[in-house]
Every structure is written in C-alpha cells, then in structure tokens.
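Notes follow the structure.
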Amino acid sequence: MAKDTAARTAEARAAAIRRAVRAVKRGSFASYGEIARRAGLPGRARLVGQVLRNSGDLRLPWHRITGAGGRVAFAPGSTSAREQLRLLAAEGVKIRGHRAVVERTAASTRSLDALLWKL
DNA sequence: CTGATGACTGATA
DNA sequence: CTATCAGCCATCA
C-alpha cells in the first residue's frame, strides 16, 4: 500500500521538524522560523507550529520553541504559556516578561547561530 | 471550489 | 511599545 507522495512528503517534513526540535539543547531555545530553516523548510514557520500541536504530548521539548525573538507564542497568562516559561526557567533560560532571552557574555564574538544554539 | 484560521515572520508606520 | 500588511501553508467549514 504505497502512500501518496503528498502524504509521504508531509510525513518527511514532520519528521525533519521533530528532529530539529529534538536537536535544541537543554537550556537554550529556538524560534519556529529557525526550526523550519534547520529542517530544510525555510519560510514554513507555521508548519512547525502545526506539527508541534499535532505531535501533542510526544517527547518533544516543545517548551524550547518560541516565536521570533524568544516571544512565547501562547497567550500571556494562559496555562500553556505559564508552563512553557516555567520549564524554560527551570532549565536556566532567563525570562523577561513574556519572553525568553539569551544571556550573552561580554566577550561573545559568537555568531548569531552560536548564540541561538549555544554551541 | 472558496474563505477563514492559526503554537509564524519580517517589514513598515 | 502597538498595529497593519503581505507572505506562507496545512486544515477545516
């Protein structure tokens, strides 16, 4: 029973996205757009959100995925938003208001990529 | 088929 | 800081 090409590619994309999400190191975070790019799907940030929503409880570190600039995608004060911020804070990520921020050292000549991924 | 929606983003005002 | 807009794409009514 060969699956449709469309369905197969959709699965492949979801798999790539899940890989990218799992690749986010503990104590760091990445935006939907960054995940999409890393999954080989530039410009498909919304797809990342769909996949995460669909994946639901799967063992993905969903809390490490934020909107652009570290903004939490959930509504401020919502259960999910508070949970995400709590989990991030528990991993040592600095939280300011409704978003996660990267603590940068003075001597950082690191690239933006390195900052985002704490390599 | 069309149109609305959403765990998005970057530009512009 | 907020608001609007144009891209983007799977999913649903």
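Residue numbers start from 1 in every chain, and the chains themselves are labelled A, B, ... in the order their sequence lines are given, proteins ahead of strands. Everything quoted here is computed from the prediction, not taken from an experiment.
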Item checked: Reported CG-to-CZ distance for the pair A:L87 and A:R26, which is rounded to 0.5 angstrom -> 10.5 Å
Next item on the list: Using a heavy-atom cut-off of under 4.0 Å over every strand shown, decide if A:R64 touches base, sugar-phosphate, or nothing.
Entry: nothing
Next item on the list: May I have the distance from A:I35 (atom CD1) to C:dC8 (atom P), rounded to whole angstrom?
Entry: 21 Å
Next item on the list: Return the value, rounded to whole Å, for the distance between atom CD of A:E11 and atom C1' of C:dA10.
Entry: 15 Å
Next item on the list: Starting at atom CZ of A:R37, determine the distance to atom C1' of B:dC8, rounded to an integer number of angstrom.
Entry: 12 Å
Notebook entry, point to check: Is the distance from OP1 or OP2 of B:dT9 to the nearest side-chain N or O of A:S31 less than 4.0 Å?
Noted result: yes
Margin query: Suppose you measure atom P in B:dA7 against the same atom in C:dG7; what distance do you get, rounded to whole Å?
Written below: 23 Å
Notebook entry, point to check: When the distance from CZ of A:R71 to P of C:dC1 is rounded to whole Å, what number comes out?
Noted result: 9 Å
Next item on the list: Determine which pairs satisfy side chain to side chain donor-acceptor pair (under 3.5 Å) with at least one residue from residues 61-74 of chain A, sequence neighbours left out, and list them in order.
Entry: A:H63-A:E91, A:R64-A:E91
Check: Hey, what do you get for CD1 (A:I17) to CD (A:Q50), rounding to the nearest 0.5 Å?
Finding: 9.5 Å
Notebook entry, point to check: In residues 44-55 of chain A, which ones come under 4.0 Å of DNA chain B, going by heavy atoms?
Noted result: A:A45, A:R46, A:G49, A:Q50, A:L52, A:R53
Margin query: Tell me the closest heavy-atom pair linking A:A73 and A:Y32, and the distance in Å.
Written below: CB-OH, 3.4 Å
Next item on the list: Round to the nearest Å and state the distance from A:Y32 atom OH to B:dG6 atom C1'.
Entry: 11 Å
Note to self: Which helical stems does DNA chain B take part in, if a stem means at least 3 consecutive Watson-Crick or G-U pairs with both distances below 3.5 Å?
What the structure shows: B:2-6 with C:9-13, B:8-13 with C:2-7
Notebook entry, point to check: A:Q84 CD to B:dC8 P: how many Å, rounded?
Noted result: 11 Å
Margin query: For a quick test of reading the model, state the closest non-hydrogen atom pair linking A:V24 to A:A30 and the distance between them.
Written below: CG2-CB, 4.2 Å
Next item on the list: Could you tell me the separation between the CD1 atom of A:I35 and the CZ atom of A:R18, rounded to the nearest 0.5 Å?
Entry: 13.0 Å
Notebook entry, point to check: How far does CZ of A:R38 sit from OG of A:S31, to the nearest 0.5 angstrom?
Noted result: 11.5 Å
Checklist line | Point-to-point distance, once rounded to the nearest 0.5 Å, from CG of A:L60 to CD1 of A:I65 | finding: 8.5 Å
Next item on the list: Could you check if a side-chain atom of A:V101 sits within less than 4.5 angstrom of a side-chain atom of A:I95, using non-hydrogen atoms only?
Entry: no
